[in-house]
Amino acid sequence: MAVKVGNSYVSQQAYDYAKAKVDSEKSQGSETNSVLQDLSKRYPETNFAVGTQPFGGKGTNNISIAPNILRKMENDPEARLEYEALIYDCAECLKNEPTKHGNSTIIARGFIINEDGSLGGWSISQVDGGKKAKTYKKVEKDELKERLKKIREKKATEKKKAEKVAEKKDAEKAAEKKIAEKAAEKSEGQIIDIKV
C-alpha cells in the first residue's frame, strides 16, 4: 500500500520505518550533524554519497543525495520522514533487484535524489561479450513502488513454493514412517530363520 508523504508516495513499510527512526531521534533529543552518517549506520549495505552525478559509485548499492536535500532533511522533520522513506524503498530495491538480465550483467547501479526532490536511476551493465553500456533515466516514484511490489510478490511466491515442497516431503516421510510401522507390527512375534 502506498502512503503519501510530502510529494512522494512510498511503501507502508518505508513510511513506518522512517517514522519510527524520526520519532526515536526526537525523543532522544539528538541533533544530527550528519544525516549522511546516520543513513550509513542504518543502511550499512548501501553506499551513500553527496551529489547528483550519475555513474558515481562502485557496486550495485549506491544512493546519491543532493546537498540541499540533505540540509532539508537535517532541518525539517517532515522532509526527513519523506526522504528517509524514499531511501528505504531505494535501498530495498537495490538489495533485491537481480543483477543478471538476459545476456548482460549489471556491474554498478544506484539512485540519485536530485536537487528538486525527483528520483533518478543509473546503471552500468556489461554484455557477456565484454561491451559495457551506461544508462541513466528519471525514475518515477510510482515506478519504484511497482518494482518493489513485484519483488515482494516474487519472494512471496518463492516462499509458498518452498513451503509446498517442504509439506510434500513431510507427507512423504510420514507415509514412509507409517509403512515402516505396519511392517514392524507384522514382523513382531514372528520367528525368521536366516541361514548364512
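Residue numbers start at 1 and run along the sequence shown. The structure presented is a predicted model; accordingly, all values stated were derived computationally and were not measured.
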**Report entry** Gap between atom OG1 of Thr46 and atom CZ of Phe111 - 0.5 Å precision
**Finding:** 11.0 Å
Query - Partner of Val35 by side chain to side chain contact (heavy atoms under 4.5 Å, CB included), out of Lys72, Glu74, Arg71 - result: Glu74
Report summary line: Sorted by chain and number, sequence neighbours left out, side-chain contact (heavy atoms from CB on, under 4.5 Å) with Gln126 holds for Ile107, Lys132
Query - Derivation and outcome, side-chain contact (heavy atoms from CB on, under 4.5 Å), residues Trp122 and Asn62 - result: CA-CA 9 Å; Trp122 62 270; Asn62 300 287; 3.8 Å; yes
**Report entry** Trace of the side-chain contact (heavy atoms from CB on, under 4.5 Å) decision for Glu158 with Lys154
**Finding:** CA-CA 6 Å; Glu158 289 172 355; Lys154 183 178 178 183; 3.3 Å; yes
Report task. Kindly compute the distance separating CG (Asp38) from CZ (Phe48), expressed to the nearest 0.5 Å. Result -> 10.5 Å
Report task. Mind checking the CG-CD1 spacing from Leu86 to Ile113? Nearest 0.5 Å is all I need. Result -> 4.5 Å
Report task. Decide side-chain contact (heavy atoms from CB on, under 4.5 Å) for Glu97 and Arg109; before the verdict, give the C-alpha distance in whole Å, the side-chain angles of both, and the deciding distance to 0.1 Å. Result -> CA-CA 11 Å; Glu97 187 79 18; Arg109 68 176 168 204; 3.6 Å; yes
Query raised in the report: Can you name the side chain to side chain donor-acceptor pair (under 3.5 Å) partners of Ser118, sequence neighbours left out?
Result: Asn114, Asp116
**Report entry** Nearest-0.5 Å distance that lies between atom OG1 in Thr105 and atom CD1 in Ile124
**Finding:** 13.5 Å
Query raised in the report: What pair of heavy atoms forms the shortest contact from His101 to Pro98, and how long is it?
Result: NE2-O, 3.1 Å
Query raised in the report: Crowded around Lys100 NZ? As in, over 12 foreign heavy atoms under 6.0 Å?
Result: yes
Query raised in the report: Are Ile106 and Ile112 linked, directly or through other ILVMFWY residues, by side chains that come within less than 4.5 angstrom of each other?
Result: no
Query raised in the report: What pair of heavy atoms forms the shortest contact from Ser64 to Gly51, and how long is it?
Result: CB-O, 3.4 Å
Report task. Flag the pair Arg42 and Glu84 as a salt bridge only when some basic side-chain nitrogen lies within less than 4.0 angstrom of an acidic carboxylate oxygen. Result -> yes
Query raised in the report: Roughly how far, to the nearest 0.5 Å, is the OH atom of Tyr43 from the SG atom of Cys90?
Result: 9.5 Å
**Report entry** Flag side-chain contact, heavy atom, 4.5 Å: Met73 against Ile87
**Finding:** yes
**Report entry** Separation of Ile65 CD1 from Glu115 CD (nearest 0.5 Å)
**Finding:** 13.0 Å
Requested in this report: Tell me, please, which residues at least two apart from Lys95 pass side chain to side chain donor-acceptor pair (under 3.5 Å).
Outcome: Glu92
Query raised in the report: If you measure from the Lys or Arg side-chain nitrogens to the Asp or Glu carboxylate oxygens, is any gap between Lys177 and Asp170 under 4.0 Å?
Result: no
Query - Any donor-acceptor N/O pair, Asn47 side chain to Lys58 backbone, under 3.5 Å - result: yes
Requested in this report: Determine whether Ile63 and Leu94 make a side-chain contact, defined as any pair of heavy atoms from C-beta on separated by less than 4.5 Å.
Outcome: yes
